[in-house]
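Below is one structure, written out as structure tokens; the observations come after it.
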Amino acid sequence: MKILTGNDLRSGAVTWWNGTGWSLFVDDAVDVGDEAEEILAREDAARRVNVPYAIAATIDAGGHVRPAHIKDRVRALGPTVRRDLGVPTADKTGWDWVI
Amino acid sequence: MYKYDQYDQAMVDARVEEFRDQARRRIEGKLTEDQFKPLRLMNGLYLQLHAYMLRVAIPYGTLDARQMEMLADIADKYDRGYGHFTTRQNIQYNWIKLEDCADALADLATVEMHAIQTSGNCIRNISADHFAGAAADEVIDPRPYAELMRQWSSFHPEFTYLPRKFKIAVIASAKDRAAMRLHDIGIRIVKRDGEAGAQFYAGGGMGRTPMIAPLIRDFVPIDQMITYAEACLRVYNRYGRRDNKYKARIKILVHELGAAEYTRQVEEEFAHLLNVGVEPPREELARIAAHFAPPAFVDGPKTLDRSDPDFALWVDRNTHRHKHDAYVSAVISLKPAGGIPGDATADQMRVVARLARDYSFDELRVMHTQNLLLPHVRIADLHAVWTALEAAGLGAPNMDTIEDIIACPGLDYCSLANARSIPLAQRISERFAETGRTEVVGELKLKISGCINACGHHHAGHIGILGVDKKGVENYQLSLGGSEAEDVSLAKITGPGFDEDGVIAAVEKVTDVYLASRAGGERFLDTYRRIGMEPFKEALYGQ
């Protein structure tokens, strides 16, 4: 699947395209398929999110969205060395798949 | 230390309001990111993995208690209760919001601090020997000259858009405690026949093409130092490459021209500039130097009670000889075993500020090794200082040992990184602390970078580790034999890389080789230089 991510313009927080807007939670990310470029162009012009881009991801057996690249997995949950500062998530297995 | 005059304060205040307007226009959508990015970088604001990151300048690593208290307040008010001290003597905040940044900068300006030129293609923070003004072996306090360079380089109209970033270090001793020859320009203040002057080294650097700066001028009279620096920058600005970001540093220019030709061009420019007259007036250096008058040291005990073995170990490891025999400089370790190198909580910063005010003439330093320093502590007060540091989790007795690891933020924070560096540092320091091997191994400078940009200085590590991306999986290259000191050398790669567990085991194996091979009081680096790479490769790869 292809999902979109960026950083919120005002706060810098990592965000994920949920189909209608931007969410802080990677599990809200939707497959944008062939519409990636169109959405990116529109959202870049809207200037809500900094430098949004498309990445590959999968859905795991638990139904959670997993970015393909390690860097985006770290972005999804937060610094591995400060889990107290990470993104709150209901995914109890989240930290297992970051690395 | 230097105190702003009305001009300094006016410039910083004006810069804050200029950035406030720029940020407002960005948030309102009137500036694109392409338009805004160079503006925010010139104010030290990056966009990293998780958030914006603000890098605050701490000129040549010197600050006072009031400024450290403000850094603590910034951490609490605008960030998440902590900051990270860097290998260029600055501090970084990892969770700044763009909408708050101007307010944070305004708060910093009230204590004579800013984030100007901590990023971008300009002259960055001037770094210096962290023992400056205290070291027994310095010929003169280098900080007035570092401050003169800071003022010269700030808002310099000609050097605002250099081909690439530019880093200058200033020292004043034979010992190099600032990695001087691994900077774009390194300056050593010397005295010849009673006259002060500057040695200039140019073309050093780490990153993807590490180079040691060659000596290009053995002695420039101190009252021509700025003119010579200007000549060096002019030649670089004119001929440094702008077609390839990865070939744009001065080290590439010096390498491609050859040191002799680069020097010839600099000397030509220098002669021209001497006629033009660009050196600041002598009165300006005198005005600046007056801010760096030594504190009113008082005599006192030169020995102390070493009956507490933990205290004695900390004294042996973490204190440095002072020019006054009743004082020492005391290192505050930000490297607790298993901790994150260089990080300090807001509460810890406040403890350090209080200690500076009470015991060190209100003066602090940030070391490029990501520790802090109380430069002037009476020997009689050392136990009280240590007790307070211990209570705050800042008393690790590990300066220059394998637990005193330099590590960049790596893939946990940095958008440029390929691999994580902090977990390695945590596991290695913990392993050596738990087994008691730290003391047995002695001096060993281990440095970890999460990518080829080498912010963790791995090229200059006695043991260096570089994180790479191997088909989406973290992998680590090990290197041996680097040094950032006056015996400067670049580390050599041992061979194929390792995964995380493998590289930690590899560090243990190479220290085993050292312990089995060392002669007399050799450090790891000395043994490596004597026996060469082969015994280490044998242990790592069984060849």
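Remember, it's a predicted structure, so these values are computed and weren't measured experimentally. Because only heavy atoms are used, hydrogens play no part in the values below, and waters and symmetry mates are left out as well, while side chains stay in. First the proteins, then the strands, lettered A, B, ... as listed; each starts at 1.
The only option from D103(B), D73(B), D107(B), D100(B) that meets the side-chain hydrogen bond (donor to acceptor under 3.5 Å, both in side chains) definition with Y78(B) turns out to be D107(B).
In this structure, chain A has heavy atoms under 4.5 Å from both the backbone and the side chain of L49(B). Heavy-atom distances place no part of R48(A) under 4.5 Å from chain B, backbone and side chain included. Looking at A417(B), the atoms closer than 4.5 Å to chain A (heavy atoms on both sides) all sit in the backbone: N, CA, C or O. Only the side chain of V51(A) comes within contact range of chain B, with at least one heavy atom under 4.5 Å from a heavy atom of that chain. Contacts of Y413(B) with chain A are made by side-chain atoms alone, with heavy-atom separations under 4.5 Å and no backbone atom involved. In this structure, chain A has heavy atoms under 4.5 Å from both the backbone and the side chain of I27(B). Neither the backbone nor the side chain of K37(B) comes within contact range of chain A; no heavy atoms are under 4.5 Å apart. If you measure heavy-atom distances from D44(A) to chain B, you find no contacts under 4.5 Å at all.
Checked by atom type and distance alone, the side chain of R26(B) never pairs as donor or acceptor with a backbone atom of F36(B) at under 3.5 Å. No side-chain donor-acceptor contact under 3.5 Å links Q92(B) to the backbone of F85(B). S449(B) places a side-chain N or O within 3.5 Å of a backbone atom of G456(B) that can act as its donor or acceptor partner.
A salt bridge is defined here as a Lys NZ or Arg NE, NH1 or NH2 lying under 4.0 Å from an Asp or Glu carboxylate O, and R40(B) with E33(B) meets this definition.
Note: T32(B) leads D34(B), T32(B), D469(B) in heavy-atom pairs under 4.5 Å with chain A. Most heavy-atom pairs under 4.5 Å with chain A, from the set R420(B), E500(B), H50(B), R80(B): that is H50(B). Contact tally against chain B (heavy-atom pairs below 4.5 Å) for A68(A), A46(A), A45(A), G78(A): the top residue is G78(A). When the candidates V81(A), I70(A), V87(A), D8(A) are compared by the number of heavy-atom contacts under 4.5 Å with chain B, V81(A) comes out ahead. Counting heavy-atom pairs closer than 4.5 Å to chain A, the top residue among M53(B), E28(B), E474(B) is E474(B).
In the model, R55(B) has no side-chain atom that pairs as donor or acceptor with a side-chain atom of T86(B) under 3.5 Å.
R82(A) forms a cation-pi arrangement with Y82(B), by the criterion of a distance under 6.0 Å to the ring centre and an angle within 45° of the ring axis.
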Between E430(B) and R427(B), is a salt bridge (Lys or Arg N to Asp or Glu O under 4.0 Å) present by the stated rule, with each step listed?
-> CA-CA 5 Å; E430(B) 218 160 34; R427(B) 289 182 62 186; over 6 Å; no
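Within a 6.0 Å radius of CG in D34(A), no more than 12 heavy atoms belonging to other residues, nucleotides or ligands are found.
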